[in-house]
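I have placed the structure first, in the form of structure tokens, so that the comments after it can refer back to it.
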Amino acid sequence: MTHERKRVIFCDFDGTITTNDNIVQIMKHFDPPGWKRIVDDILSRRISVRQGVGQLFSLLPSARREEIVSYVLEQAEIRPGFEEFLAFCRERDIRLLITSGGIDFFVYPILSKFDIPRDDIYCNASDFSGETIQILWPHSCDEHCDNDCGMCKTSIIRSFSSERYEKIVIGDSVTDLAGSRLADWVLARDYLLEKCRELNLPHASFDTFYDCIDRLSSPVGVK
Ligand SMILES: [Mg+2]
Ligand SMILES: [Zn+2]
């Protein structure tokens, strides 16, 4: 039996849809004592991403919520072509999911001007009822992932059948790598692009979402 698989795209948020990493921007701007050490701990893998992101936000008082949200909205810059890319996916009946390691209180507001169903946005959640910000993890790792991701991209990708779906990952960083190995092919920039080259994963590079449209329009898909 032959049937064409439906395309599904798993698109990263920070550093992909937005030009900067919003968590890093928040930490740099509000500069709570100790945040740099936690980032070092994450990067050197002494702690998991879930532990690290949880610790980072626990440094910020819940009372500063409004200030933090306004700051993120003010500095966030959307990568060119994103709106056109959304329209392209709709026209071509490509399923587009946003898979973000970011937090709901900035991911949803930044994306609110675009027509994206909320159910298609996967990110971490937050609780401002305590003294400091607490991060919640509604999409944690399944039994196949022991990475303690927080928002587990591979678990979401695995939940789509490879027989029925052609899976494409769009991303930029180390947190997109494991998912890229599960995908049919990858649209990559920055660190993820270097890794895709090094590991010989089927991929194409992108700088803007216009490039993504171009790559997805070409018959082979991969260059
Ligand atoms: Mg990213
Ligand atoms: Zn995981």
Side-chain angles (χ1 to χ4, degrees), residues 10-65 68-69 71-72 75-76 98-108 110 121-159 169-183 186 188-196 198-199:
F10 305 91
C11 184
D12 174 51
F13 183 73
D14 286 271
T16 298
I17 295 175
T18 59
T19 52
N20 284 322
D21 184 301
N22 295 287
I23 297 181
V24 172
Q25 294 302 114
I26 291 171
M27 293 302 148
K28 276 187 181 162
H29 182 79
F30 291 91
D31 200 22
W35 76 270
K36 285 182 183 153
R37 182 188 45 79
I38 298 171
V39 169
D40 284 346
D41 285 348
I42 301 173
L43 294 177
S44 58
R45 293 162 173 260
R46 279 190 291 275
I47 56 174
S48 69
V49 172
R50 186 188 61 82
Q51 289 171 318
V53 170
Q55 288 178 20
L56 283 171
F57 282 96
S58 74
L59 301 174
L60 295 171
S62 298
R64 299 190 76 176
R65 177 181 191 154
I68 296 168
V69 174
Y71 171 71
V72 183
Q75 61 79 43
I98 314 300
T99 46
S100 168
I103 323 297
D104 58 357
F105 71 82
F106 65 80
V107 174
Y108 292 137
I110 292 173
I121 303 172
Y122 295 80
C123 60
N124 297 309
S126 52
D127 180 352
F128 288 79
S129 66
E131 182 92 351
T132 61
I133 303 173
Q134 191 193 350
I135 304 303
L136 308 172
W137 318 98
H139 307 288
S140 44
C141 304
D142 66 13
E143 71 275 21
H144 301 290
C145 182
D146 56 8
N147 209 25
D148 199 25
C149 303
M151 211 308 285
C152 186
K153 300 190 182 199
T154 59
S155 297
I156 295 167
I157 295 171
R158 260 190 299 277
S159 73
V169 161
I170 304 181
D172 71 306
S173 83
V174 64
T175 53
D176 300 301
L177 185 56
S180 296
R181 292 174 186 272
L182 300 177
V186 184
R189 55 175 298 276
D190 203 39
Y191 172 91
L192 186 65
L193 179 58
E194 283 169 34
K195 279 298 185 190
C196 285
E198 192 184 311
L199 300 166

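In this chain, residues are counted from 1 in sequence order.
- With values rounded to the nearest 0.5 angstrom, Asn20 atom CG is found 11.5 Å from Ile26 atom CD1.
- A donor-acceptor pair under 3.5 Å is absent between the side-chain atoms of Ser100 and the main chain of Cys123, judged by distance alone.
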Can you list the steps and then say if Ile47 with Ile38 is a side chain to side chain contact (heavy atoms under 4.5 Å, CB included)?
CA-CA 8 Å; Ile47 56 174; Ile38 298 171; 4.1 Å; yes
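- Between the side chain of Asp12 and the backbone N or O of Ile170 there is no donor-acceptor pair closer than 3.5 Å.
- Residue Ile157 holds its CD1 atom at 7.0 Å from OG of Ser180, rounded to the nearest 0.5 Å.
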Verdict with reasoning, Val174 to Arg45, per side chain to side chain contact (heavy atoms under 4.5 Å, CB included)
CA-CA 12 Å; Val174 64; Arg45 293 162 173 260; 4.3 Å; yes
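- Taken from CG in Leu182 to CD1 in Ile156, the straight-line distance is 12.0 Å, to the nearest 0.5 Å.
- Taking the charged nitrogens against the carboxylate oxygens, Arg37 and Asp41 do have a contact shorter than 4.0 Å, which makes a salt bridge.
- Taking the six-membered ring for Trp and thresholds of 30 and 60 degrees, Tyr71 and His29 have nearly parallel ring planes, at less than 30 degrees apart.
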Between Leu177 and Leu192, is the side chain to side chain contact (heavy atoms under 4.5 Å, CB included) condition met? List the steps.
CA-CA 7 Å; Leu177 185 56; Leu192 186 65; 4.1 Å; yes
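- When all heavy atoms of Met27 and Pro32 are compared, the pair lying nearest together is O-CD, 3.7 Å.
- When side chains are defined from C-beta on, Arg50 does not count as touching Ile135, because their heavy atoms never get closer than 4.5 Å.
- Of the inter-residue distances, the one linking Cys196 atom SG with Arg189 atom CZ reads 12.5 Å to the nearest 0.5 angstrom.
- Atom CD1 of residue Ile23 and atom CZ of residue Phe13 lie 10.5 Å apart, to the nearest 0.5 angstrom.
- Here the CG atom belonging to Asn22 is positioned 4.5 Å from the CG atom belonging to Asp14, to the nearest 0.5 angstrom.
- Ser62 places no side-chain N or O within donor-acceptor distance of the main-chain N or O of Ser129, the cut-off being under 3.5 Å.
- Minimum heavy-atom separation, Ile42 to Ser48: CG1-O, 4.4 Å.
- By the 4.5 Å heavy-atom criterion applied to side chains, Thr99 and Met151 are counted as neighbours.
- Scanning all heavy atoms of the two residues, the minimum distance from Ala76 to Ile110 falls at CB-CD1, 3.6 Å.
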Side chain to side chain contact (heavy atoms under 4.5 Å, CB included) between Ile133 and Ile68, worked out
CA-CA 11 Å; Ile133 303 173; Ile68 296 168; 3.8 Å; yes
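- Heavy atoms only, all atoms of each residue included: Ile103 and Ser126 are closest at CG2-CB, 3.8 Å.
- Residues Asp148 and Cys141 approach most closely at N-SG, 3.7 Å, considering heavy atoms.
- Between the side chain of Lys153 and the main chain of Ala178, no donor-acceptor pair closer than 3.5 Å is present.
- Taking all atoms of both residues into account, the shortest heavy-atom contact from Ile17 to Cys11 is CG1-SG, 3.9 Å.
- A salt bridge does not link Asp176 with Lys195: every distance from a Lys NZ or Arg NE/NH1/NH2 to an Asp or Glu carboxylate oxygen is 4.0 Å or more.
- Heavy-atom contacts from other residues, nucleotides or ligands closer than 6.0 Å to CG of Asp146 number 12 or fewer.
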